[in-house]
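Everything below concerns the one structure shown next.
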2 protein chains.
Amino acid sequence: MTLSEENYLKAIYHISDTCEGGISTNAIAEKMNTKASSVTDMIKKLSEKGLVNYKRYKGSELTAEGKLIATNIIRKHRLWEVFLVEKLNFTWDEVHDVAEQLEHIKSEKLIDQLDEFLGFPKRDPHGDPIPDKDGNVSDNADVLLVTLDKNEKGIIVGVKDSSSSFLKYLDKQGIALGKKIKVIDKEPFDNSMKIRIKKEEFMISQQIANNICIKK
Amino acid sequence: MTLSEENYLKAIYHISDTCEGGISTNAIAEKMNTKASSVTDMIKKLSEKGLVNYKRYKGSELTAEGKLIATNIIRKHRLWEVFLVEKLNFTWDEVHDVAEQLEHIKSEKLIDQLDEFLGFPKRDPHGDPIPDKDGNVSDNADVLLVTLDKNEKGIIVGVKDSSSSFLKYLDKQGIALGKKIKVIDKEPFDNSMKIRIKKEEFMISQQIANNICIKK
DNA sequence: CTCTTTTTTTAGACAAGACTAAAAATTAAA
DNA sequence: TTTAATTTTTAGTCTTGTCTAAAAAAAGAG
């Protein structure tokens, strides 16, 4: 696996998350910041290796093997993000570029031990789930509110913090299980967000958004 | 800096440690497991970038800038080795290949924070000194006995462990400050070594060798 | 000091991964 | 359904880092 091959698999995996069926060459090119012709070349190579299913003009799809490799890279990426934030005092917006490099380090022992060292975390600092070794990703339907981007919406299905003070706060704001929620705006600086619940719009801090589980 | 460029600088730095003057193209080729012609090409490139001084047929030498880059990579390598051994339960013979990858991760913050997280270690698990950010390497003349390879020799200049039981052991074996010592053989499996002091040959364990300081 | 051996460099080629420009297939529109 | 627009692929080129084979320089031997 070259670095480039790994990045293609990861890109296809991520696009597959939001789109159904075969992934278009153009979509991959956009994600990878490259040209469609380059994508075609690489897809052919990955296809020959049995990592994607590809038919000319019909788009691409990861095979089981390709998907396993992709989730493994994502697993590594997210574990490193946890490490950077929890152990090395990175803020959650600083981690991405470094994790993007670290995710390509090849050593099974390294990642297993890192996982243990971090206490087998379930989510990365952005609230995204960390896949297990076999590529199982804990139901992606449930995510933390904090991971939603501007204009995304979902339904409140749980909270992480269940202290009474937190729950009282939710009550006061009219935040309750089963309510529909939409992100109106998101402030990149501190990840506070303006949300709407039942025509009512208000601001909440990252800390709050970090503790609310959403089904997309 | 590409990965390959970094590896060349590192190789030249390491060869310079044992040899004086300009480093021969062949020596670099051997260290890099490549051919002399490839080395010539790369050296030219590094020379144009001002990282090595190079004259046709006369060998190469790192410039101050090249040396700084090399020591920085070595700094990263050795810090990661400490991390792997101290935090992730690697044994000291397992760390090299992984550190070889990690040393190329680019992030100043990462390495600064790692250094702090590890408590600003002075040596890696093999006893080699960790360069500081400015490329200063603490006097390389003193190393741990355990770092010597087969056939290397030196003079005993200190011990790390000064418990009485350890010192008694040394006494009994005739190991004392100022004695000349030569490594006759080294067992890769457990890093135990056969050493010679004054015509007397005997075996010592890695644990012992780890606590004896040598001036080469 | 000349001839041989070794070392180093040049010249030309190749694989990976990217790009541009042009051709082919698919999709959309009239 | 026949043309127009878009998407995808092919063909050919470029760069990086490597290689082999051959030429050039330096070092060693007689």
Side-chain angles (χ1 to χ4, degrees), chain A residues 1-16 18-62 66 69-70 73 100-101 103-104 106, chain B residues 1-16 18-62 66 69-70 73 100-101 103-104 106:
Chain A
M1 274 290 100
T2 68
L3 193 146
S4 198
E5 288 172 334
E6 291 191 348
N7 283 332
Y8 272 93
L9 293 179
K10 191 177 54 147
I12 298 170
Y13 181 88
H14 277 134
I15 299 169
S16 306
T18 41
C19 306
E20 280 303 306
I23 305 303
S24 83
T25 302
N26 264 357
I28 299 171
E30 195 182 341
K31 189 103 184 173
M32 294 287 300
N33 267 307
T34 185
K35 295 301 160 71
S37 54
S38 310
V39 174
T40 302
D41 286 348
M42 180 56 89
I43 289 296
K44 279 183 185 167
K45 194 166 62 149
L46 294 174
S47 176
E48 270 162 30
K49 291 194 177 190
L51 304 177
V52 307
N53 291 318
Y54 164 70
K55 281 228 177 87
R56 271 156 67 257
Y57 294 100
K58 296 296 178 191
S60 322
E61 205 179 16
L62 292 179
I69 295 175
I73 297 165
E100 201 86 340
Q101 298 178 64
E103 72 188 5
H104 298 290
K106 282 164 191 53
Chain B
M1 274 291 99
T2 67
L3 194 145
S4 199
E5 288 172 335
E6 290 191 348
N7 283 331
Y8 272 94
L9 293 179
K10 192 177 53 145
I12 298 170
Y13 181 89
H14 276 135
I15 298 170
S16 306
T18 42
C19 306
E20 281 302 306
I23 304 304
S24 83
T25 302
N26 265 357
I28 300 171
E30 195 182 342
K31 190 106 184 169
M32 295 286 301
N33 266 306
T34 185
K35 295 301 160 74
S37 54
S38 310
V39 174
T40 302
D41 286 348
M42 180 57 88
I43 290 296
K44 278 183 186 166
K45 194 164 63 149
L46 294 173
S47 176
E48 269 162 32
K49 289 194 177 189
L51 303 177
V52 307
N53 292 317
Y54 164 69
K55 281 227 176 88
R56 270 155 66 257
Y57 295 100
K58 296 295 177 192
S60 321
E61 204 179 16
L62 292 179
I69 295 175
I73 296 165
E100 200 87 337
Q101 298 177 64
E103 72 189 3
H104 298 290
K106 283 163 189 54

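It should be emphasised that the depicted structure is a prediction, and the values quoted were computed from it without experimental measurement. First the proteins, then the strands, lettered A, B, ... as listed; each starts at 1.
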Examine [N]: is either OP1 or OP2 under 4.0 Å from a nitrogen or oxygen in the side chain of [X]? Give yes or no.
{"X": "B/R56", "N": "C/dT10", "answer": "yes"}
{"X": "A/Y54", "N": "D/dT9", "answer": "yes"}
{"X": "B/T25", "N": "C/dT9", "answer": "yes"}
{"X": "B/S4", "N": "D/dT18", "answer": "yes"}
{"X": "B/T40", "N": "C/dT9", "answer": "yes"}
{"X": "A/K44", "N": "D/dT10", "answer": "yes"}
{"X": "A/Y8", "N": "C/dA18", "answer": "yes"}
{"X": "A/N26", "N": "D/dT8", "answer": "yes"}
{"X": "A/S38", "N": "C/dC19", "answer": "yes"}

In whole angstrom, give the distance that lies between atom [atom1] of [X] and atom [atom2] of [N].
{"X": "A/I28", "N": "D/dT9", "atom1": "CD1", "atom2": "C1'", "answer": "14 Å"}
{"X": "A/I23", "N": "D/dT7", "atom1": "CD1", "atom2": "C1'", "answer": "15 Å"}
{"X": "A/D41", "N": "C/dC19", "atom1": "CG", "atom2": "C1'", "answer": "10 Å"}
{"X": "B/Y57", "N": "D/dA27", "atom1": "OH", "atom2": "P", "answer": "12 Å"}
{"X": "B/K49", "N": "D/dT16", "atom1": "NZ", "atom2": "C1'", "answer": "11 Å"}
{"X": "A/K35", "N": "D/dT9", "atom1": "NZ", "atom2": "C1'", "answer": "16 Å"}
{"X": "B/N7", "N": "D/dT16", "atom1": "CG", "atom2": "C1'", "answer": "15 Å"}
{"X": "B/I43", "N": "D/dT18", "atom1": "CD1", "atom2": "C1'", "answer": "15 Å"}

Distance (rounded to the nearest 0.5 Å) between [X] [atom1] and [Y] [atom2]:
{"X": "A/S60", "Y": "A/I28", "atom1": "OG", "atom2": "CD1", "answer": "4.5 Å"}
{"X": "A/Y8", "Y": "A/T34", "atom1": "OH", "atom2": "OG1", "answer": "4.5 Å"}
{"X": "B/E61", "Y": "B/I43", "atom1": "CD", "atom2": "CD1", "answer": "11.5 Å"}

- Of the candidate nucleotides C/dA18, D/dT18, C/dT20, which contains the atom at the shortest distance from the side chain of B/T34? D/dT18
- Between C/dA18, D/dT9, D/dA26, which one does the side chain of B/K58 approach most closely?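 Nearest to the side-chain atoms of B/K58, counting from C-beta on, is D/dA26.
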- Note on the structure: When B/G59 and A/E5 are each assigned the nearest nucleotide of DNA chain C, the 5'-most assignment goes to B/G59
- Heavy atoms from other residues, nucleotides or ligands near CD of B/E100 exceed 12 (cutoff 6.0 Å):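 Counting other residues, nucleotides and ligands, CD of B/E100 exceeds 12 neighbours.
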